[in-house]
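Chain identifiers are assigned alphabetically (A, B, ...) following the order of the sequence lines, protein sequences preceding nucleic acid strands; residue numbering begins at 1 within each chain. Just so we're clear, the structure is a prediction, and the values are computed from it rather than from any experiment.
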Protein chains: 2
Amino acid sequence: MEVQDTRENILRVAKDVFFKKGLSGARMQEIADLAGINKAMLHYYFTSKEQLFNVVFENAFQIFAGHIIHLLNGDGSLEKKIDLYIDYTIDSLKKSPGITVFVINELNTNPERITGMFAGEGLIDLSLFKRQVQEQYGEEIDAEMLFLDMVSLCIYPFIAQPIFKRLMKIDEAAFEALMNQRKGWLKKRLLNNL
Amino acid sequence: MEVQDTRENILRVAKDVFFKKGLSGARMQEIADLAGINKAMLHYYFTSKEQLFNVVFENAFQIFAGHIIHLLNGDGSLEKKIDLYIDYTIDSLKKSPGITVFVINELNTNPERITGMFAGEGLIDLSLFKRQVQEQYGEEIDAEMLFLDMVSLCIYPFIAQPIFKRLMKIDEAAFEALMNQRKGWLKKRLLNNL
DNA sequence: GTCTATACTCTGATAGAC
DNA sequence: GTCTATCAGAGTATAGAC
């Protein structure tokens with residue numbers, strides 16, 4: 001197998017294992033087994049478990065934060081932005097439901113990471129969003145609260161997915177359908193209130 | 001120190017350590033140090049790390065699920081219930097912000113737990129809530145969606161607390177104030193829409 | 001690039017004295 | 001009930017042959 005293939009393959013299965021078990025719960029042996037290689041090979045491509053984890057985490061954080069960046073820095077009216085954010089976030093999380101718990105958990109375990117993640121560019125910044133809310137709705141709507149609402153409403157159902165599925169007595173497919181239906185519900189609820 | 005004191009003391013510090021690092025990340029040595037005893041004593045009171053963890057988890061889950069049980073099975077009108085749920089949940093999470101990530105993460109790592117947790121009584125059941133919504137608002141409001149909204153809006157800000165604090169450039173105290181302010185905001189937003 | 005074998009550390013758990 | 005000392009297993013990482 002070519003270098004690139006092996007490396008990509010490791011990252012693919014490492015993602016699955018780290019998503020499920022976190023940094024401390026994951027085992028290099030399991031990653032090696034799933035990748036069809038042995039532990040020595042893992043250390044040939046990645047110097048340590050932590051380094052491998054960091055690569056996986058940074059990829060995941062890009063996707064996770066992408067939703068928010070998309071919302072904050074997108075073009076168009078507030079209504080259009082919110083509309084797009086809902087579709088983008090829910091569709092994206094349907095494909096990779098474990099990503100939120102993974103990122104949140106790591107950021108909780110290892111809060112120093114946050115500073116590093118936000119240091120990059122000025123990409124993650126609420127000020128444009130705030131200005132837009134103010135211009136269109138004045139003081140009546142609190143931009144920070146609206147932002148908290150949007151993010152919460154879209155993301156939390158995926159975080160608590162195992163509980164909700166049990167509570168509502170539905171399976172994987174029904175949950176996905178519920179999330180699709182939720183897009184319309186959220187647009188009505190969020191936009192009608194503005 | 002008396003038996004009860006030592007045991008309670010262990011549970012208190014074990015909670016802190018497990019909340020921060022999870023099952024696999026926690027170290028018996030650290031728990032022993034913080035409790036002011038040695039590892040042998042830990043195993044005198046709790047047969048294994050997993051057993052200690054289970055006790056901590058079950059206590060935490062009671063608190064976590066208490067919010068929802070409170071909502072689902074409470075007395076009074078829907079409006080009153082929602083009002084109470086918001087106050088109860090936000091006040092409770094302010095006191096123990098780490099609990100949500102802890103519970104969610106463990107349920108994600110170890111999904112078999114969910115069945116056990118729900119098996120107990122018929123306490124966690126959406127049907128009363130659904131009936132109440134239907135009676136008061138007919139088909140216009142989707143009870144499951146409304147339920148998802150309430151829980152998401154109250155809980156998610158605490159889960160993503162480290163990120164939000166960084167994003168909004170506020171400290172611990174300001175975050176708490178924001179959550180207090182949020183109670184009023186949520187009541188207006190949720191109840192005006194019904 | 002890939003493997004086998006192994007070194008070495010960490011950590012959960014127990015034995016046994018007091 | 002509490003401690004010291006120690007064992008046994010697991011798990012990361014590396015040496016070195018091919």
[X] [atom1] to [N] [atom2]: how many Å, rounded?
| X | N | atom1 | atom2 | result |
| --- | --- | --- | --- | --- |
| A/I31 | D/dG11 | CD1 | P | 12 Å |
| A/M41 | C/dT4 | CE | C1' | 14 Å |
| B/F46 | C/dT11 | CZ | C1' | 19 Å |
| B/L42 | C/dA15 | CG | P | 17 Å |
| A/K21 | D/dT12 | NZ | P | 12 Å |
| B/R7 | D/dT2 | CZ | C1' | 17 Å |
| B/Q29 | D/dT4 | CD | C1' | 13 Å |

Check the phosphate of [N] against [X], side-chain N and O only, distance under 4.0 Å to OP1 or OP2. Yes or no?
| X | N | result |
| --- | --- | --- |
| A/S24 | D/dG11 | no |
| A/H43 | D/dT14 | no |
| A/R27 | D/dA10 | no |
| A/Y44 | D/dT14 | no |

Touch class at under 4.0 angstrom, heavy-atom based, for A/M28 against every strand present
sugar-phosphate
Just to be sure I understand the rule, does B/A26 reach a base, reach only the sugar-phosphate, or reach nothing, if contact means heavy atoms closer than 4.0 Å?
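Contact class for B/A26: sugar-phosphate only.
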Please report the C-alpha distance between B/Q29 and B/D33 in whole Å, then the side-chain angles of each, then the deciding distance to 0.1 Å, and finally whether the side-chain hydrogen bond (donor to acceptor under 3.5 Å, both in side chains) criterion is met.
CA-CA 6 Å; B/Q29 185 65 60; B/D33 289 346; 3.1 Å; yes
[X] side-chain proximity, nearest of [options]:
| X | options | value |
| --- | --- | --- |
| B/K39 | C/dT14, C/dT2, C/dG12 | C/dG12 |
| A/K49 | D/dA13, C/dT4, D/dT4 | D/dA13 |
| A/A40 | C/dA13, D/dT4, C/dT4 | C/dT4 |
| B/N38 | D/dT4, C/dC3, C/dT2 | D/dT4 |

Does this structure show an ion pair linking A/K80 with A/D75, if we count only N-O contacts that are shorter than 4.0 Å?
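The answer is no: the pair does not qualify as a salt bridge.
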Any donor-acceptor pair under 3.5 Å from B/K21 side chain to A/T109 backbone
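The answer is no, because no donor-acceptor pair under 3.5 Å joins these two groups.
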Single-linkage hydrophobic cluster, 4.5 Å side-chain cutoff, B/L84 and B/L153 together
no
Could you point out which residue of A/L107, A/N105, A/I159 forms a side-chain contact (heavy atoms from CB on, under 4.5 Å) with B/V101?
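So the option named by the test is A/N105.
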